[in-house]
Amino acid sequence: MGRLSTFALACALVAGFAACGRAAEPGPAPGPIRVIGSNGLGCIAGAVELPAEGPGFQEIRSRRSVFWGHPRTIALLELLGQRARMAGLPDLYMNDISMPRGGPIPGHAGHELGLEADIWLDVNPKPVLTLEQRENLDPPSVVRPDGRAVDPAIWTEDHAKLLRLAAMLPDVDRIFVNPAIKQELCQTTTGDRSWLHRIRPWWGHAAHFHIRFRCPVDQPECVQGAPIPPGDGCDATLQWWFDQLALPPKPPSPPRKPPPLPAACRAIMDAPSAPARH
Ligand SMILES: [Zn+2]
């Protein structure tokens with residue numbers, strides 16, 4: 001049973017279902033595992049859920065049902081927690097992965113296939129918090145307000161260590177961070193710089209990073225994005241992001257109706273849930 005449905009059940013028993021303000025959501029579509037579509041438009045069957053905590057990590061806002069992914073994704077996130085602990089880092093705060101069947105999550109572009117996750121850039125020592133305490137945390141930005149560099153009062157070598165550990169995981173396609181974070185890594189990384197290739201600049205991502213794993217090789221319906229250009233990315237393509245900061249802000253684009261999910265996702269979205277796990 002997923003933890004949202006566990007919570008909903010507790011609400012029904014204790015406080016009355018309607019008072020909880022949460023609708024029961026379908027669980028994952030039963031296996032076999034199928035990953036269909038692209039990161040920005042797709043779905044997954046046979047997803048599994050990351051535990052609320054494990055060696056080296058704790059989930060944040062874990063009462064939402066957004067911690068589902070391909071079994072390989074879940075295993076690699078757990079491996080990252082273990083490697084972070086072995087490297088002397090405090091628990092990682094894991095955030096959104098995907099919904100039980102994938103598809104769009106409000107506030108995210110991506111996270112639709114169970115192959116992507118957000119992890120906070122928080123390397124401060126932290127106690128094990130209760131699920132309730134984890135509902136109202138907000139990670140601090142590690143980037144200066146002007147966006148041109150990391151904040152030296154917050155950024156530490158452990159942030160770089162965490163990003164290196166994440167980029168060195170198997171099957172990583174790319175990791176999105178704020179351009180100021182990429183710039184800092186470009187300027188300070190010595191020795192092996194090969195992993196910088198997979199660290200990509202993107203707007204936001206100043207308090208968390210976004211990790212995307214490659215399509216599993218046994219998933220022909222999973223659409224792999226275009227490969228990253230060769231090189232470490234510490235070049236004019238990085239400078240482009242800072243040049244944009246000097247331009248007047250663009251007016252917001254009008255809301256667009258999201259395109260429909262791939263036709264093969266319909267059966268996955270409509271499938272009865274798998275029997276509850278005990
Ligand atoms: Zn993300």
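Order of appearance sets the numbers: ligands from 1, and atoms from 1 within every ligand. Quick caveat, the model's predicted, so the values are computed rather than measured.
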Regarding H111, does it place an N, O or S atom less than 2.8 Å from the Zn ion (ligand 1)? yes

Is the Zn ion (ligand 1) less than 2.8 Å from at least one N/O/S atom of D118? yes

Examine all N, O or S atoms of H210, backbone included, and report whether one is under 2.8 Å from the Zn ion (ligand 1). yes

What residues form a side-chain hydrogen bond (donor to acceptor under 3.5 Å, both in side chains) with H210, not counting sequence neighbours? H111, E116, D118

Show me the pairs that pass side-chain hydrogen bond (donor to acceptor under 3.5 Å, both in side chains) and involve residues 218-243, at least two apart or across chains. R34-E221, D173-Q224, R193-D232, D235-T237, Q239-D243

Taking every non-hydrogen atom, the tightest pair across A160 and W195: O-CH2, 4.2 Å

Determine the minimum heavy-atom distance between W120 and D138, stating which atoms define it. CH2-N, 3.8 Å

